[in-house]
Amino acid sequence: MFKIEYLIAIVLYMAAVVLIGVLCSKKANKSSDDYFLGGRTLGPWVSAMSAEASDMSGWLLMGLPGLAYWCGLADAAWTAIGLAAGTYLNWLIVSKRLRRYSERVGAITIPDYFSNRFHEKKPILMVISSVLIIVFFTPYAGSCLMACGKLFSQLFGVSYELMVVVAALFVLAYTFLGGFLGESISDFMQAIVMVVALVLVLGLGIFNAGGIGAVIENSKNIPGFWSLLTSANPTGEVVNGAPVFGDPSNIAFITIASGLAWGLGYFGMPQVLLRFMAIRDEKELKLSRRVAQIWVMISLFAAIALGVVGRALYPVEYLDNASAENIFILMSTNLLPALLAGLVCAGILAASISSSDSYLLISASALTVNIYKGIIRKKASDKEVMWVTRAILVCITLFAMLVATSGNQVIFTIVDFAWAGLGATFGPLMLFTLFWKKTTYPAAVAGMITGGVTVIIWNFFIAPLGGIFAIYELLPAFILSSIVIVVVSKLTGTPSQEILDDYDAVVTKKA
């Protein structure tokens, strides 16, 4: 399958991304504030599109189309609906107040925000949030490297493991150079590449499948495929050149609730929340919200439709869930001229690196800013912090590579767990700190721990019981964390006057 045009296109794309990092390196290296938050200078378009590109990752171009190809509309569509609603609500109710609050308390990272918000004397909240970021972000970064490995392996016919290493080295070098500003600007470019790639390949796919009517007719002939209330059940077998499907599974209420619950995750996603903190003017957030919402709706619709069209075009190409995640690559390389196919496949690279660079940088900042400088060496210079950050970036990247080569080859599964962990750990507390004046410090600690621990316990020990317990762990963890925050706040009195003054100043726009 290898063609020199694929290599040329990928190399050109990677060169453009590195150039952005080089151009931003001078500003990024002025100070740790510039490196980790871009000096709060992002414009509305960059804020919106870089937030969504860093959020969606390779999951958008591989995981979601693969899910739709494998079992039809239901699971993919309910998840997409939840994500679209979560995107809108996050930009609508969280963005402005977090921008204002983070500046008021002098925070450049999410652990910084929680710690400074409560004026904690001992950095307990900071350490807990930093550790939980590492726990859930490292597998997230691993899923991005996995997408790159699958892309390069299929395009060039070489070892998947080798391609994971190549992708990791590229992302690491580029993150070294440009920091948050370079990452955000390149993510803006990558958001454009991603949506153009999806729409272009989808349009060609529909044309080659015989039109929208033919695609719908094919979907209706597959039991449970063309429905929001049933799920197809592929057996992985082929008879007389056609795939074999078992009886469709009914979509239970908990499956719908699980899909919609994905939207709750947005309230705790550091890669998105940081864009709220970094925008140059809170008045520009309204435009950012509209841009982000349009991008998300087009991208999610196109990704799901692409999986449905792919099933019509290549009904027996993939006989297991993991390999089905390659449907976007197959359609691109079969329907486009080689050079253009390479550029379109760069959309997967775009999706993956736009997320992995964010995850690596956020993870490194959690350890460097919040633990190394915040606890171990409080007098560390900016130059020292920058060097320690780069050393930690290398260590985290190595661990993400181990995740990517661990044997679990389903991107959707890894993203599913990491999304729940971050959403339940930070989401409830973020909402309460921004909108409930009486949230106390002990409640913040208890709520954060409850969210993170519940996700882990539910995923590994409760969900396997099946039935109602198979619900997506984000939902029960989010609810439990919220209950704990309320109950503990009621039991531990009133926050200090200093904390109340900050809250009042932010709410009344005196920040």
Side-chain angles (χ1 to χ4, degrees), residues 86 89-90 93-107 109-136 261 263-270 272-273 276-277 366 370-371 374-375 420-458 473-508 511:
L89 291 173
N90 202 27
I93 66 176
V94 172
S95 61
K96 182 179 290 186
R97 191 162 290 191
L98 179 59
R99 170 64 174 84
R100 196 180 297 162
Y101 223 135
S102 64
E103 187 171 31
R104 167 83 184 187
V105 299
T109 68
I110 298 303
D112 252 355
Y113 164 72
F114 287 129
S115 179
N116 295 355
R117 161 68 170 75
F118 290 100
H119 296 272
E120 65 175 354
K121 301 299 186 289
K122 295 182 180 179
I124 297 173
L125 197 58
M126 182 181 289
V127 170
I128 293 172
S129 55
S130 299
V131 169
L132 288 172
I133 280 178
I134 298 297
V135 169
F136 292 115
L264 293 174
Y266 274 111
F267 300 123
M269 288 301 127
V272 177
L273 298 173
F276 300 164
M277 294 164 60
N370 304 131
I371 294 181
I375 301 172
L422 291 164
T425 297
F426 300 125
L429 183 57
M430 179 59 68
L431 293 175
F432 277 101
T433 57
L434 293 176
F435 296 101
W436 194 38
K437 185 175 182 177
K438 296 180 180 180
T439 305
T440 65
Y441 177 65
V445 175
M448 184 177 289
I449 294 174
T450 299
V453 171
T454 302
V455 164
I456 295 171
I457 293 175
W458 201 283
E473 58 267 21
L474 172 56
L475 186 57
F478 197 99
I479 293 172
L480 283 174
S481 176
S482 299
I483 292 172
V484 167
I485 291 171
V486 172
V487 172
V488 176
S489 291
K490 294 287 187 181
L491 295 175
T492 51
T494 305
S496 69
Q497 190 59 47
E498 192 176 22
I499 294 174
L500 296 176
D501 288 344
D502 281 343
Y503 184 91
D504 289 338
V506 169
V507 171
T508 57

Q: Can you name the closest pair of heavy atoms from M277 and I110 and give their distance?
A: SD-CD1, 3.7 Å
Q: Just one of N90, V94, L422 clears the side-chain contact (heavy atoms from CB on, under 4.5 Å) bar with Y266, so which one?
A: N90
Q: Would the distance check show the side chain of S482 and the main-chain N or O of P428 forming a donor-acceptor pair, the cut-off being under 3.5 Å?
A: no
Q: With the side chain counted from C-beta on, respond yes when T425 and V455 share a heavy-atom pair under 4.5 Å apart, and no when they do not.
A: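 Side-chain contact under 4.5 Å: no.
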Q: Applying side chain to side chain donor-acceptor pair (under 3.5 Å) as the test, list every pair that has at least one member in residues 432-445; sequence neighbours left out.
A: Y113-T433, E120-Y441, K437-D504, T440-T492
Q: Give me the one residue out of Q497, R117, H119 that meets side-chain hydrogen bond (donor to acceptor under 3.5 Å, both in side chains) with D502.
A: H119
Q: With a 4.5 Å heavy-atom cut-off, do R100 and R104 have their side chains touching?
A: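 Result no, sub-4.5 Å side-chain heavy-atom pair not found.
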Q: Hey, mind stepping through L434 and V506 against side chain to side chain contact (heavy atoms under 4.5 Å, CB included) and telling me if it holds?
A: CA-CA 9 Å; L434 293 176; V506 169; over 6 Å; no
Q: If you take all heavy atoms of A444 and F118, which pair is closest and at what distance?
A: CB-CE1, 3.6 Å
Q: Quick check against the 3.5 Å criterion: does S129 have a side-chain atom that pairs as donor or acceptor with the backbone of M126?
A: yes
Q: Can you find a heavy atom in the side chain of V272 that is under 4.5 Å from one in the side chain of F267?
A: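 They are not in contact (no side-chain heavy atoms under 4.5 Å apart), so the answer is no.
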Q: For the residue pair V484 and A446, what are the closest heavy atoms and their distance?
A: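 Smallest heavy-atom distance, with atoms named: CG1-CB, 3.6 Å.
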Q: Report yes if the side chains of F426 and I133 come closer than 4.5 Å at any heavy-atom pair, otherwise no.
A: yes
Q: For a side chain to side chain contact (heavy atoms under 4.5 Å, CB included) check, start with the C-alpha distance between Y503 and I499, then their side-chain angles and the critical distance, and finish with the verdict.
A: CA-CA 6 Å; Y503 184 91; I499 294 174; 5.7 Å; no
Q: Of L431, L429, V445, which is the lone residue that meets side-chain contact (heavy atoms from CB on, under 4.5 Å) with I485?
A: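 Testing each of L431, L429, V445 against I485, the sole residue satisfying side-chain contact (heavy atoms from CB on, under 4.5 Å) is L429.
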Q: Do I456 and E473 touch side chain to side chain, with heavy atoms closer than 4.5 Å?
A: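 When only atoms from C-beta onward are counted, E473 and I456 do not touch, as no gap falls below 4.5 Å.
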Q: Looking at S481 and F478, would you say the former's side chain and the latter's main chain have a donor-acceptor pair under 3.5 Å?
A: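 No: the side chain of S481 does not pair with the backbone of F478.
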Q: Which pair of heavy atoms, one from S115 and one from L125, lies closest together, and at what distance?
A: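 Result for this residue pair: N-CD2, 4.3 Å.
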Q: Drop me the distance from I449's CD1 to L132's CG, to the nearest 0.5 angstrom.
A: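 One gets 8.0 Å once the value is rounded to the nearest 0.5 Å.
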Q: State which residues pass side-chain contact (heavy atoms from CB on, under 4.5 Å) with S95; sequence neighbours excluded, sorted by chain then number.
A: W91, F276, L285
